[in-house]
Amino acid sequence: MTAGDNDIEQAAVVLRDGGLVAFPTETVYGLGADAENPAAVGRIFQAKGRPPTHPLIVHLAGLEQLEDWVKEVPATAWQLAERFWPGPLTLVLQRGPRVPLEATGGLETVAIRVPDHPVALELLSAFGGGVAAPSANRFGSVSPTTAEHVRAELGDAVDFILDGGACQVGVESTIVDVVGDRPSVLRPGGVTREDLEEALGHHLDVPATSRVRVPGQHPSHYAPRAQVVLVEPDQVAAEADLARQSGRRVGVLLPASLAGPVDAYAVIAVPDSMPAYARGLYGFLRELDGRGCDLIIASLPVEQGLGLAIANRLRRAAGPR
Ligand code: AMP
Ligand code: MG
């Protein structure tokens with residue numbers, strides 16, 4: 001299951017040759033290319049069908065490389081990087097000359113993180129440079145949390161797939177902009193707002209989910225094939241019943257605490273624990289698609305801890321297409 005030394009070496013060679021490597025991280029699988037090679041970076045956009053204005057995240061092997069990739073490192077960036085790297089936190093900083101504009105969607109800022117996964121870290125160390133990577137899925141669709149998801153969705157468009165098992169966090173990194181005077185959260189993710197606030201010692205604003213703050217933050221994203229409809233937790237069963245009667249193939253993400261009789265084509269009881277729910281979320285959406293559901297009924301968890309990131313992804317999965 002887990003990639004061996006030989007696989008890591010081969011994957012590093014693919015990166016050096018300008019190819020694409022899908023690799024596991026603790027959040028989701030990434031689709032990586034040499035961040036300093038504009039042609040290789042261009043292939044990522046092609047493989048994903050992603051508009052070239054949507055910036056990528058540059059992955060590094062360690063905190064000590066940060067200064068090589070940015071113009072300057074503000075005190076807040078050091079503070080957060082030291083506390084949360086390796087980990088599911090991405091920092092947006094001013095772009096250094098090593099970062100081509102192709103990787104930043106033309107922006108003068110660059111998003112950087114050190115992932116917390118042994119295979120990702122071994123790959124980054126073996127390669128030596130930065131690896132630009134978004135999630136390894138077609139643009140707008142559900143992120144992959146296993147190597148099998150990547151194979152099924154991108155297949156031949158990827159030169160090498162490293163298998164590191166199922167991702168432990170399951171939702172993407174938290175993105176924090178540390179360019180201005182006050183850090184701001186651009187996307188909630190694997191590091192919770194509560195943990196960030198504790199590290200910073202002050203309150204943080206998290207933008208409304210629906211607002212398009214930065215490129216790549218479209219209202220519809222993380223979307224399965226099936227239409228997603230969000231209802232109040234106590235309405236899940238009634239809504240599912242109504243939709244089923246009108247002839248829809250209904251899939252339900254049922255909060256475990258409400259588990260009762262629900263008449264639907266497919267029912268997945270989601271875990272009460274937010275880390276467990278986050279780990280399973282994209283797999284659940286893929287499973288309901290795979291079973292042929294045309295409608296998924298779900299409710300939002302309480303927006304605390306990882307519940308904030310889960311609610312963000314569900315809202316956007318339900319967003320206008
Ligand atoms: P993905 O996780 O596949 O959506 O890819 C990377 C994410 O990082 C996207 O949501 C981008 O919007 C975000 N991102 C990358 N670079 C920047 C940047 N310079 N400023 C703001 N967000 C960024
Ligand atoms: Mg993505």
Side-chain angles (χ1 to χ4, degrees), residues 20 22-33 35 41 43-60 66 69-71 74 77 88-96 98-115 120 130-145 149-150 153-154 158 167 169-180 183-191 206-207 209-224 278 281-282 285-286 309 312-313 315-317 319:
L20 299 185
F23 63 100
T25 78
E26 80 281 34
T27 61
V28 302
Y29 273 71
L31 180 63
V41 168
R43 291 191 56 206
I44 294 177
F45 292 92
Q46 236 174 18
K48 283 187 58 105
R50 178 176 171 116
T53 49
H54 289 223
L56 309 177
I57 293 170
V58 176
H59 295 72
L60 302 177
L66 178 59
W69 295 86
V70 300
K71 213 160 157 187
L89 176 71
T90 296
L91 297 175
V92 172
L93 294 142
Q94 280 183 304
R95 179 179 71 92
R98 271 178 95 164
V99 184
L101 288 168
E102 283 80 358
T104 70
L107 296 173
E108 284 304 327
T109 53
V110 58
I112 297 191
R113 100 175 177 102
V114 177
V131 172
S135 52
N137 52 276
R138 299 278 307 166
F139 178 64
S141 84
V142 178
S143 300
T145 50
H149 294 162
V150 181
E153 191 164 331
L154 294 179
V158 190
C167 299
V169 174
V171 292
E172 296 79 356
S173 59
T174 302
I175 304 180
V176 178
D177 181 344
V178 282
V179 172
S184 66
V185 176
L186 301 180
R187 171 178 77 184
V191 169
V206 178
T209 297
S210 55
R211 216 168 348 142
V212 179
R213 286 272 308 219
V214 292
Q217 300 286 311
H218 278 224
S220 173
H221 208 137
Y222 315 110
L281 175 66
Y282 291 140
L285 295 176
R286 280 176 188 270
N312 171 275
R313 305 306 187 268
R315 282 211 182 87
R316 287 167 58 187

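Only a predicted model underlies this, so the values are computations on that prediction, with no experimental measurement involved. When a ligand or atom number is given, it counts from 1 through the structure's own listing order.
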L107 near ligand 1 by a heavy-atom separation under 4.0 Å:
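Yes, L107 has a heavy atom closer than 4.0 Å to ligand 1.
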In this structure, does ligand 1 have an atom that sits under 4.0 Å from one of the heavy atoms of R50?
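So R50 counts as touching ligand 1.
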request  = Measure from NZ or CZ of R313 to the centre of the six-membered ring of Y222 and say whether it is under 6.0 Å with the direction within 45° of the ring axis.
outcome  =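 Here R313 passes the 6.0 Å and 45° test against Y222.
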Distance-minimising heavy-atom pair for A77 and L91 =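 Heavy atoms of A77 and L91 come nearest at O-CD1, 3.7 Å.
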State the [atom1]-[atom2] distance between [X] and [Y], to the nearest 0.5 angstrom.
X: E26; Y: S173; atom1: CD; atom2: OG; answer: 8.0 Å
X: R138; Y: L154; atom1: CZ; atom2: CG; answer: 7.5 Å
X: L56; Y: T104; atom1: CG; atom2: OG1; answer: 8.5 Å
X: K48; Y: L20; atom1: NZ; atom2: CG; answer: 11.5 Å

Which ligand 1 atoms are under 4.0 Å away from a heavy-atom of [X]?
X: L56; answer: 15 (C), 16 (N)
X: I175; answer: 7 (C), 8 (O), 13 (C)
X: P134; answer: 3 (O), 5 (O)
X: I57; answer: 6 (C), 8 (O)

I'd like to know if R286 pairs up with E153 as an ion pair, taking the criterion as any Lys NZ or Arg NE/NH1/NH2 lying under 4.0 Å from an Asp or Glu carboxylate oxygen.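 Judged by the 4.0 Å cut-off on N to carboxylate O distance, R286 and E153 do form a salt bridge.
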Would you please indicate if the ring centroids of F45 and H54 are separated by under 6.0 Å?
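No; H54 has its ring centre 6.0 Å or more from that of F45.
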Can you confirm if the aromatic rings of H59 and F23 lie within a centre distance of less than 6.0 Å?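 Distance test on ring centres: under 6.0 Å, yes.
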T109 versus ligand 1: do any nitrogen or oxygen atoms come within less than 3.5 Å of each other?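 Yes; the residue has a nitrogen or oxygen that sits under 3.5 Å from a nitrogen or oxygen of the ligand.
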Nitrogen or oxygen of R187 less than 3.5 angstrom from that of ligand 1 =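 The answer is yes, given that R187 and ligand 1 share an N or O pair closer than 3.5 Å.
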### Message
Any non-hydrogen side-chain atom of T174 less than 4.5 Å from a side-chain atom of V185?
### Response
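T174 reaches V185 side chain to side chain.
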- Query: How many protein N, O or S atoms are found at a distance of less than 2.8 Å from the Mg ion (ligand 2)?
  - Reply: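 With waters ignored, the protein N/O/S count below 2.8 Å is 1.
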